Each structure stands twice: as C-alpha cells, then as structure tokens.
Number of protein chains: 2
Amino acid sequence: MSVIQKKGVKTAHALPKFDVALSRTRRAQVADTLRNFVLSGQLAPGTQLVEAKLASRFGVSRGSIREAIWELIDQGLLINRPYAGTFVISLDEKTMIEVFSLRGALERYAFTLLWPKRDGVFREEFTARHKALVNATRTQTRFDVIKAEMRFHSYSYEFCGNRVLLEVWEQLSQKVHLSFVISQAIVRGTDFLGESERYYTTALGDDLAEMLVEIDRHLELGMLAVRRFAHNASPPASKTTE
Amino acid sequence: MSVIQKKGVKTAHALPKFDVALSRTRRAQVADTLRNFVLSGQLAPGTQLVEAKLASRFGVSRGSIREAIWELIDQGLLINRPYAGTFVISLDEKTMIEVFSLRGALERYAFTLLWPKRDGVFREEFTARHKALVNATRTQTRFDVIKAEMRFHSYSYEFCGNRVLLEVWEQLSQKVHLSFVISQAIVRGTDFLGESERYYTTALGDDLAEMLVEIDRHLELGMLAVRRFAHNASPPASKTTE
DNA sequence: CAGGATTTGTGCGTATGTATA
DNA sequence: ATATACATACGCACAAATCCT
C-alpha cells in the first residue's frame, strides 16, 4: 500500500478525491512522512534508513527517497556516512544542552524584536496557541503535547518579523522537538502546565527584562530534565546546580 | 572539460596520480563547485540553473546535479519553484538587514560563551586569521577578502564550544557571504581595515560588555553599507544561464 | 487561449564504489 | 581476505507542469 498519493492516475474517471492540496512534489511528501516518523519516535535514534526498503514501502522510486532523505539530513534529523548509510540522529546530553542554550539566545532576540510590536493580533494568536497547549496536556498523546508546545513557542519567531530568524528556528526546532522526544522532558517536568502559564503571562506583561529572564528560567527547566534523563541510569546523589 | 574528478578510470595503466584525497562523493564536489560560483558572484542572483546543461558542463549525471542543487537549496543559496526551475537566490535589502541583525544576536551569544574560555590558543588563531584578513585586503581580489573576513569571524563560532551554534552559523554565513557579494559592503565601507582592527582589539580585551557593544557597532556598519547600496543602485535585471 | 517547447519530476535497470560482517 | 549488502552514480525514458509564442 502506497503511503504517498499519486497524481497522474490514468484510469478512466479516476476519482479526483485524492487530488486535494497536491501542489507539492513527491519529494516533499516523502520528507514530511519521514519527518513525522522520526519526530514521533517511531524511528528510533540510530536506526538505519535503507533506500530500497523505503522506496518499496512508500511506493516511490529510490531517487525520490534519496532526495527526501537529504532534506532531512540538511535539517539535522538524519546523518549520512558516505557509502555506509543514513541513520536517525542520536542526540547526546551535551548536544541537547547546547540546543536549549542556543534556543535561549534566539528566543531572547525574538522577544526583543517583537516586544514593541505586540498588539491585539499577537495577544489573540498567542493566547489561542497557549490554550491549545493546555488542552493537549489534558486530552492528547505525548506526541501531540510536544507538537502543541512547539507550535506555541514558534509564534514568537513567526511574529517577530525577522524571516531569516524564522528560517533558522525552523531548522533548530527540529532538534528541539527531537530533544523533547528523546529526553521526555515535558512529561518528566514537575509542573509543566504551571511553567507554561508563567511564561505566557510574562510574555503578555509589561517588563521585557523580566521576560528575558523568564526565557532563561524556562529553558533551564528543559535542560534540567535533559540532565536528569541522561543520568537516570544511576540516580543522582545530589542534584545539579540550581 | 570535466570539473569533477572521476574515480574509476578503466584505461590500462591509468595514472593513480589523480586519486589523492578523493574520499568525498561527487554530490559534494559538485555542490562545492556550484557554491563557489554563486558566492563568487559568477552566477548572478536570479540566474536559472538548468540541470541538463550543468550535467554536461560538469560531466556528471543529472542525478548528481539534482542532489547538489538541493544541497544548496537547503543551505538557502538557491530557490526552487516546482516544475519551473531552480534559481540563484536574490536577497533584497530587508532580508540582508535581517541577516546582519540576526548575526549580531548569534555573535554576541558566541562571545558570551567564549569569553571566559579565551586562552593562548584562541589568541594565536584569532590573530592569525586577522592578519590573513589584513593581508587579503592589500594583495587579493575582493572575493578573497570576503572569504578572509568570513573566516576571521567564523573562529568565534568554532571556538565557543557550542557545536549546534556552529552548525547554525555555517548555514547563516552563506547568506552573510552572499550579502557581502551583492552589496559590496566591504569595498564600500569607509574604513574597513580600521574597523576590523578595532573589533580585533576589543575581542582580545578585558571588557565583555564593551565587546558586545562593539559587535553591534561593527554589524551596523555592514547594514549601513547595505542600505547605501540599496538606495544607490537600481535592481539588476535577471539573466538566464550563460 | 490554444499548443508546442522547455525543463523539471519520477521511475527503472544497471554498474561500480565502499563499508562491514 | 572474501563475500555481501548497500550506497552512489549513470543513462535513459517518460510524465507532468510551466513558460512562451
């Protein structure tokens, strides 16, 4: 069974039902599907992606698979060793900490840009995404919660007006997402909902400096979860600093 | 004449002379060559890259060309319109300003990380790259000056210890490089050498806060050059493949 | 607004290069 | 050291979409 929708079905009176929103190329469809598999954890870190197998699974040619794979490689979700194979990236503790640290710098920059531009539109959309996140924590799977969390935080980058920053974030966010999946930071966080609420409230407040501090604090919680996860083989006798 | 080196020459007693350091794939070789063409300005913004023509020019198959092209697309140097073609990206003034602004945020972050880690190794390599830049301004072409400038500034990202930041910088630096090529910021800058000297001295000094300000100042000069260029020159017409 | 030219997108067979068990 | 599995690369053919006259 083909996962990817075909375009040029030649059967007489073929139902156009499947042709909705098919402007994208097959490469993009395969890449999206693969990305979902990786980000949902169904393709564990370290797994090798064999082109021929994927090609027959998806029902597309190896060329399309190769191009989609390279798209994910350039996004940092897969790594390639020439002539050896392509594998799902496995983030170690140090890298995940670096991801969160860098994200802090970008998010502080984004909020500095958007702070004087906040208006009704911003408050409305920001609130909507926060509500969606809160709902997800109550009714959805962990994967959906992570997606909602990513979507909530992405809005700062979308709204700040720097499109280059948005592009960079869309790259980095893949690794942030993967870090959440690997470290299960969101589930293990002690008071995830309360923390998000505090972040949300401060973001709509009056004090930019306070928000910049809040961003750091918020991300340090993620880093703490990463460290706890990385050391959970041997329970830490003493907690890490802070 | 083929620009790309072939591996499996079957001619009897073919000289193994050309086999040195050939571990990279053809895809990577083509991508590097294309990137140099774009970043050196030999492929003007807006130029369409026709796969078949490139394939015969380079002496490689269309598949390899396609993969190399997509590598540059994911790096942000080319854009693709499905079924229409692939073109060298043309950065407008707003985008170039955004590039410099974001670079400021990243570079301040990098220096904050590396500041307490500066040692003899750092000073030595940093000085070497600065000297190379100074030399380039006196003896080399403009393209070489830009390369030296990029290499000089890249060291902060290499040394700061955050590998994820380095990856992000390697993406963004492509657009920084292209902005220099398009806006000719370096040549038009009033006192480029003096500015670099000041940046260099402050980076080796004692005051981090002063350095963060210096970074902003340094990049604002680039933005000023971009603005001057955008308002002086009329937008160039797009060409087709030569 | 045809319709043909151009170019990209896709598929497949095959040969070779490379890593690894 | 050999075998094997796989990635890499090539060439061709055709489909599909865009562009242009």
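As the structure is a computational prediction, the values presented were derived from the model and not from experiment. Within every chain, numbering begins at 1; the chains are lettered A, B, ... in the order of the sequence lines, protein sequences first and strands thereafter.
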Could you say whether B:E51 or A:G63 is positioned toward the 5' end of DNA chain C, judged by the nucleotide with the nearest heavy atom to each? B:E51
Check whether any side-chain nitrogen or oxygen of [X] sits under 4.0 Å from OP1 or OP2 of [N], and answer yes or no.
X     : N      : result
A:R26 : D:dA16 : no
A:S64 : C:dG11 : yes
B:S61 : D:dC10 : yes

Whole-Å distance separating the [atom1] atom of [X] from the [atom2] atom of [N]:
X     : N      : atom1 : atom2 : result
B:E71 : D:dT8  : CD    : C1'   : 14 Å
A:F58 : C:dG9  : CZ    : P     : 19 Å
B:E67 : C:dT8  : CD    : C1'   : 15 Å
B:R24 : C:dT18 : CZ    : C1'   : 16 Å
B:Y83 : D:dT18 : OH    : P     : 8 Å
B:I73 : C:dT8  : CD1   : P     : 11 Å
A:F87 : D:dC6  : CZ    : C1'   : 10 Å
A:R81 : C:dG17 : CZ    : C1'   : 16 Å

Checking A:S101 against B:Y109: is there a side-chain donor and acceptor pair closer than 3.5 Å? yes
For B:E107 and B:Y157, does a side-chain donor sit closer than 3.5 Å to a side-chain acceptor? yes
Base, sugar-phosphate alone, or nothing: which one does [X] contact when heavy atoms must sit under 4.0 Å apart?
X     : answer
A:G85 : sugar-phosphate
B:I65 : nothing
B:R62 : base

B:R66 side-chain proximity, nearest of D:dC10, C:dT10, D:dA17: C:dT10
Considering only C:dT10, C:dA19, D:dC10, which nucleotide approaches the side chain of A:A84 most closely? C:dA19
A:E67 and B:R66 ion-paired at < 4.0 Å: yes
Under the 3.5 angstrom rule, does the side chain of B:S64 hit a backbone N or O of B:V60 as a donor-acceptor pair? no
Would A:E167 and B:K175 satisfy side chain to side chain contact (heavy atoms under 4.5 Å, CB included), going step by step from the backbone distance to the final call? CA-CA 12 Å; A:E167 282 175 32; B:K175 285 195 169 132; 2.7 Å; yes
